[in-house]
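Data first, discussion second: the structure below is written as structure tokens.
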Number of protein chains: 2
Amino acid sequence: MLQLTKRTEYGLIALLHLANSEGRVVPVREIGERFPLPKRVLAESLKDLGRAGIVESQRGAAGGYWLARGAGQITLGEVISALEGAPTLTSCQDLGASNARGQCEVQPVCPIRSPLTRLRQGIWALLEGTTLRSLANPSLTPADLLAAAGSPLSSPLGDQPAA
Amino acid sequence: MLQLTKRTEYGLIALLHLANSEGRVVPVREIGERFPLPKRVLAESLKDLGRAGIVESQRGAAGGYWLARGAGQITLGEVISALEGAPTLTSCQDLGASNARGQCEVQPVCPIRSPLTRLRQGIWALLEGTTLRSLANPSLTPADLLAAAGSPLSSPLGDQPAA
DNA sequence: GGCAATTGGCACCAAATGGGTGCTAATTGG
DNA sequence: CCAATTAGCACCCATTTGGTGCCAATTGCC
């Protein structure tokens, strides 16, 4: 199903909140107070983001989370990868995970494996070309996102030099 | 999760086979003989594609399926919509389905709804800009797919006038 | 007319996935 | 020492998904 998990949704909400709180250490409680989300699941998401190096954290009484990098350096692709695994489109392309149980039966004659690989790369480029900052920028159109994904090495959205 | 269902995979395999068998009526049995798939599920996929007007069918002894249109006129978007519903990215954007149980709690203050709507439109453009024919064309790169999605009204891939 | 092959429709079951919670340990500021 | 916080892990329940059973309706062919 082409739908993000709640974990990812909550993680994105938290990340945008952190992006708006740069310079501070933000406890999970604060995010849970501002948005009506199940705090525990929110906490799980932030733990995952910490393990992936997207946020950093401090334990203890005045502890909390903050972005490990600027919002323009964090891509949607890595957030999704951290919270629910990279998009695979098909189960047979989940190369990273334990693909132990042998390969797909169809693979030797599969007519869609290679085409869907290309499509997956297109979607991946779209997600890698979109940063937290560009997500938060309401003036960017879907077409802008596609254009940025087409030339991912040049200037990912959100990284334009400050005007 | 950003992964197609088996139903969609099987449907795409069947559609590509039908595209390679234009002018014939192809029974499900034939597809099941060429690709090692559970025939019954394959049949369910084709029924759904028929209901969506993507394939046409003939009952009876010499019955079977064929594409309702040329492979260049069938987009990935409509195939996915027919087999597993249109991509929503988030559950709160499933406008079509019975969204009866009231809206998302977060919506009034949700910081990701609008951004993810734009991203969803980008993905949708990518899927609507990719036809069965362009899928089957091995020379098209992911960048080509993105470029075609950027200008969906001009010339969807696979519809270039025959050289 | 009857038979065999086929699509059409529906209900159902088992396994996987996802959302959510309980509990406890480790850290740290006051 | 206490309270607030992150870290880790195990577990349960609802939903989704993959797959099957069964039978009706249609149609070519003998």
Side-chain angles (χ1 to χ4, degrees), chain A residues 1-11 14 18 24-33 36-53 55-66 68 80 83-85 88 90-92 94 97-98 101 104-106, chain B residues 1-11 13-14 18 24-33 36-66 68 80 83-85 88 90-92 94 97-98 101 104-106:
Chain A
M1 190 172 40
L2 295 182
Q3 186 170 306
L4 301 174
T5 63
K6 294 284 184 187
R7 241 184 177 71
T8 303
E9 289 184 34
Y10 300 165
L18 293 182
R24 290 199 300 125
V25 176
V26 180
V28 172
R29 176 188 42 76
E30 173 180 320
I31 307 178
E33 282 168 355
L37 310 173
K39 281 186 275 266
R40 288 290 308 279
V41 184
L42 189 61
E44 291 295 326
S45 294
L46 282 163
K47 286 183 208 174
D48 288 341
L49 291 171
R51 282 185 273 259
V55 299
E56 294 176 344
S57 60
Q58 164 97 27
R59 285 190 179 185
Y65 291 93
W66 61 92
I80 292 175
L83 291 171
E84 61 181 279
T88 58
T90 56
S91 49
C92 64
D94 197 352
S98 59
R101 294 188 303 279
C104 163
E105 276 289 312
V106 189
Chain B
M1 193 172 38
L2 294 183
Q3 187 170 305
L4 301 174
T5 63
K6 295 282 184 190
R7 241 182 177 71
T8 302
E9 288 185 34
Y10 300 164
I13 291 176
L18 293 182
R24 289 198 301 124
V25 176
V26 179
V28 173
R29 176 188 43 75
E30 174 181 321
I31 307 177
E33 282 168 355
L37 311 174
K39 281 186 277 266
R40 290 290 308 278
V41 184
L42 190 60
E44 291 293 327
S45 294
L46 282 163
K47 286 183 207 174
D48 287 342
L49 292 171
R51 280 185 274 258
I54 295 172
V55 300
E56 292 176 347
S57 60
Q58 164 98 28
R59 285 189 178 185
Y65 291 93
W66 61 92
I80 293 176
L83 291 171
E84 60 181 281
T88 57
T90 55
S91 50
C92 64
D94 196 353
S98 59
R101 292 188 304 279
C104 162
E105 274 290 312
V106 189

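Fair warning: this is a prediction, and the values are worked out from it, not measured in the lab. Chain letters run A, B, ... following the sequence lines, proteins first, then strands; residues in each count from 1.
Proximity note for A:Ala61 (side chain, C-beta onward) versus C:dG29, D:dT27, D:dT6: the nearest is C:dG29. The side chain of B:Val41 lies closest to D:dT20, out of D:dT20, C:dT7, C:dA4. Comparing C:dT7, D:dT5, D:dT6 against the side chain of A:Tyr65 picks out D:dT6 as the nearest.
Distance, B:Glu30 CD to C:dT7 P: 11 Å, rounded to whole Å. Spacing between atom CZ of A:Arg24 and atom P of D:dT5 amounts to 13 Å, rounded to whole angstrom units. Rounded to an integer number of Å, the gap from CZ of B:Arg29 to P of C:dT7 is 9 Å. In this structure, B:Leu42 places its CG atom 15 Å from C1' of D:dT20, rounding to the nearest Å. Atom P of nucleotide D:dT16 and atom CG of B:Leu83 are separated by 18 Å, given to the nearest angstrom. Atom-to-atom, CD1 of B:Ile13 to P of D:dG18 comes out at 13 Å; the value is rounded to the nearest Å. Regarding B:Lys6, its NZ atom lies at a distance of 12 Å from the C1' atom of D:dG19, rounded to whole Å. In this structure, CD of A:Glu84 is placed 12 Å from C1' of C:dT17, rounded to the nearest angstrom.
For DNA chain D, the neighbouring residues in residues 47-59 of chain B, judged by any heavy atom under 4.0 Å, are B:Gln58, B:Arg59.
Between B:Lys6 and B:Ser45, the side chains place no donor N or O within less than 3.5 Å of an acceptor N or O (distance only, hydrogens not considered). In the model, B:Glu9 has no side-chain atom that pairs as donor or acceptor with a side-chain atom of A:Thr90 under 3.5 Å.
The base of D:dG18 lies outside donor-acceptor range of the side chain of B:Arg7, with no N or O pair under 3.5 Å.
At a threshold of 4.0 Å, the pair B:Lys39-B:Glu30 does not count as salt-bridged, since none of the basic side-chain nitrogens sits closer than that to a carboxylate oxygen.
Checking the phosphate oxygens (OP1, OP2) of D:dG18, no side-chain nitrogen or oxygen of B:Tyr10 falls inside 4.0 Å.
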Are A:Thr88 and B:Leu2 close enough, and set up right, to give a side-chain contact (heavy atoms from CB on, under 4.5 Å), and what steps lead you there?
CA-CA 7 Å; A:Thr88 58; B:Leu2 294 183; over 6 Å; no

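With respect to B:Tyr65, the side chain to side chain contact (heavy atoms under 4.5 Å, CB included) criterion is satisfied by exactly one of B:Val25, B:Val28, B:Ile31: B:Val28.
In this structure, B:Ala62 and A:Lys39 both approach DNA chain C, and ranking their closest nucleotides by distance from the 5' end singles out B:Ala62. Toward the 5′ end of DNA chain C lies the nearest nucleotide of A:Thr5, the other residue of the pair A:Arg40 and A:Thr5 mapping further downstream.
The closest side-chain heavy-atom distance from B:Tyr10 to B:Leu37 is below 4.5 Å. In this structure, B:Ser57 and B:Lys47 have side chains that are not in contact, with every pair of non-hydrogen atoms separated by 4.5 Å or more.
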